[in-house]
Amino acid sequence: MSYLKISEEVQNALDSGKPIVALESTIISHGFPYPNNVELANEVEETIRSLGVVPATIAILDGQIHVGLSKDEIELLGKAPDAYKTSIHDIPRVLSSKKIGATTVAATMYAAQLAGIRFFATGGLGGVHHGVNESFDISADLPTLAKTKVCIVSAGVKSILDIPKTVEYLETLGVPIYGYETDRYPSFYTRDAGLPVEKIDKTSLVQLLRTQDELDLNHAVSVVVPIPEEDELDPDLIEGTINDALKEANENGITGKKVTPFLLAKISEQTKGDSVKANISLMLNNAKTAALIAKEYHQ
Ligand code: PSU
Ligand code: MN
């Protein structure tokens, strides 16, 4: 496929059946400020490599979907003020106009599947927004999870979103959710969203994924991992901060793809960077978890 450009490192891993973990790039362009974003992207890749697994950061550059970025390409993306937040429906437009595209969970999943990558690590999934009854705002991540066969490791859905509705909607779409060594659904900055989740360990998860491979079932498997305990934010404080950010977004008429980046920037401002620290910690933890699962799957 001429629109797919797989790096040499990723291609070698694909050819030799080595484990690979895909990574999104919206977290680089819209999730963190420069240079934290580039530092984190590199650190995430190093964490995965140190476990003998190949990282594949995905983005759109020069009219091609790049699977596996060089350090220079990560830097370019981290510095590009006009990188286009590319969800699944934006892919043809970003490719044909040769814009720099940072891929969301939805677009990254699509690219990972196209390249033949089974695992994906990210911070948080998109989902159903608060006030959905009025706004109808539901991330394209959700329907894409229903039709894309990747195992995606995240710290759940953060409470900038309506977590119970997101979980309910994933069930409707036929996307299974498993708590990695936990029976509480995590809420990104904190370890417990107040919802139960089915607990799974690595061995059972790998068995389940291999079973899925034998079937004609092309949904994602969502694996949720709580943020490490020492980096968890105070649940009451973060709840208040999120509520303020939501109010401000509403008052400023922020809609569409701008909602998530707006809320993240506000929260970072309000917590004086504590939310950024927490985000880094959980992202590294998710990358490590995804790499360990991928390694066992490819044994
Ligand atoms: N959640 C985060 N940080 C992020 C995102 C979600 O904690 O950066 C990004 C992801 O790339 C996700 C996207 O796929 O936002 C969802 O955006 P939207 O709701 O516009 O689909
Ligand atoms: Mn949206």
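Bear in mind that the values here come from a model prediction, so they are computed numbers and not experimental data. Order of appearance sets the numbers: ligands from 1, and atoms from 1 within every ligand.
- Among protein heavy atoms, the minimum distance from atom 11 (O) of ligand 1 is reached at Glu24 OE1, 2.7 Å.
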Ignoring hydrogens and angles, write down the donor-acceptor pairs under 3.5 Å from the side chains of residues 146-155, residues two or more places apart or on other chains.
{"unit_1": "Thr148", "atom_1": "OG1", "unit_2": "Thr144", "atom_2": "O", "d": "2.7"}
{"unit_1": "Lys149", "atom_1": "NZ", "unit_2": "Asp213", "atom_2": "OD1", "d": "3.0"}
{"unit_1": "Ser154", "atom_1": "OG", "unit_2": "Gly156", "atom_2": "N", "d": "3.1"}

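- Of the protein's non-hydrogen atoms, the one nearest atom 3 (N) of ligand 1 is Leu264 CD1, 3.4 Å.
- In this structure the side chain of Lys5 never reaches within 4.5 angstrom of the side chain of Val67, judged on heavy atoms.
- Screening Ile160, Thr241, Ile267, Ile227 for a side-chain contact (heavy atoms from CB on, under 4.5 Å) with Tyr189, the sole residue that qualifies is Ile267.
- With respect to Lys79 and Glu75, a salt bridge is recorded, a charged nitrogen being found less than 4.0 Å from a carboxylate O.
- Salt-bridge annotation for Asp82 and Lys99: absent, with no side-chain N of the basic residue lying under 4.0 Å from a carboxylate O of the acidic one.
- In this structure, the protein non-hydrogen atom closest to atom 2 (C) of ligand 1 is Lys158 NZ, 3.0 Å.
- Backbone and side-chain nitrogen or oxygen atoms of Ser139 are examined, and one is located within less than 3.5 angstrom of a nitrogen or oxygen of ligand 1.
- No hydrogens or angles considered: nothing links the side chains of Thr104 and Thr26 as a donor-acceptor pair under 3.5 Å.
- At under 3.5 Å, a nitrogen or oxygen of Val105, whether backbone or side chain, sits near a nitrogen or oxygen of ligand 1.
- Contact annotation: for Asp137 versus ligand 1, there are no heavy atoms closer than 4.0 Å.
- A side-chain donor-acceptor contact under 3.5 Å links Asp15 and Gln11.
- Nearest heavy-atom pair across Val197 and Tyr178 is CG2-C, 4.1 Å.
- For the pair Glu269 and Lys266, the salt-bridge criterion is met [side-chain N within less than 4.0 Å of a carboxylate O].
- Contacts between His129 and ligand 1, counted as non-hydrogen atom pairs separated by less than 4.0 Å, involve the side chain only.
- The distance criterion of under 3.5 Å between nitrogen or oxygen atoms is met by Asp141 with respect to ligand 1.
- No more than 12 heavy atoms of other residues, nucleotides or ligands lie within 6.0 Å of NZ in Lys288, so this atom counts as exposed by the packing criterion.
- For Thr260, every heavy-atom contact with ligand 1 shorter than 4.0 Å involves the side chain, none the backbone.
- Looking from atom 9 (C) of ligand 1 to the surrounding protein, the closest heavy atom is Thr26 CG2, 4.0 Å.
- Counting protein heavy atoms only, atom 6 (C) of ligand 1 is closest to Gly124 O, 3.6 Å.
- Neighbouring protein atoms of the Mn ion (ligand 2) (N, O or S, distance under 2.8 Å, waters ignored): Asp137 OD1.
- Salt bridge status for Asp183 with Lys199: absent, with no side-chain N to carboxylate O gap under 4.0 Å.
- Less than 4.0 angstrom separates some heavy atom of Phe188 from each of these atoms of ligand 1: 7 (O).
- For atom 20 (O) of ligand 1, the nearest non-hydrogen atom of the protein is Lys85 NZ, 2.7 Å.
- Side-chain atoms of Ser187 and Thr190 form a donor-acceptor pair, as typed in the model, at a separation below 3.5 Å.
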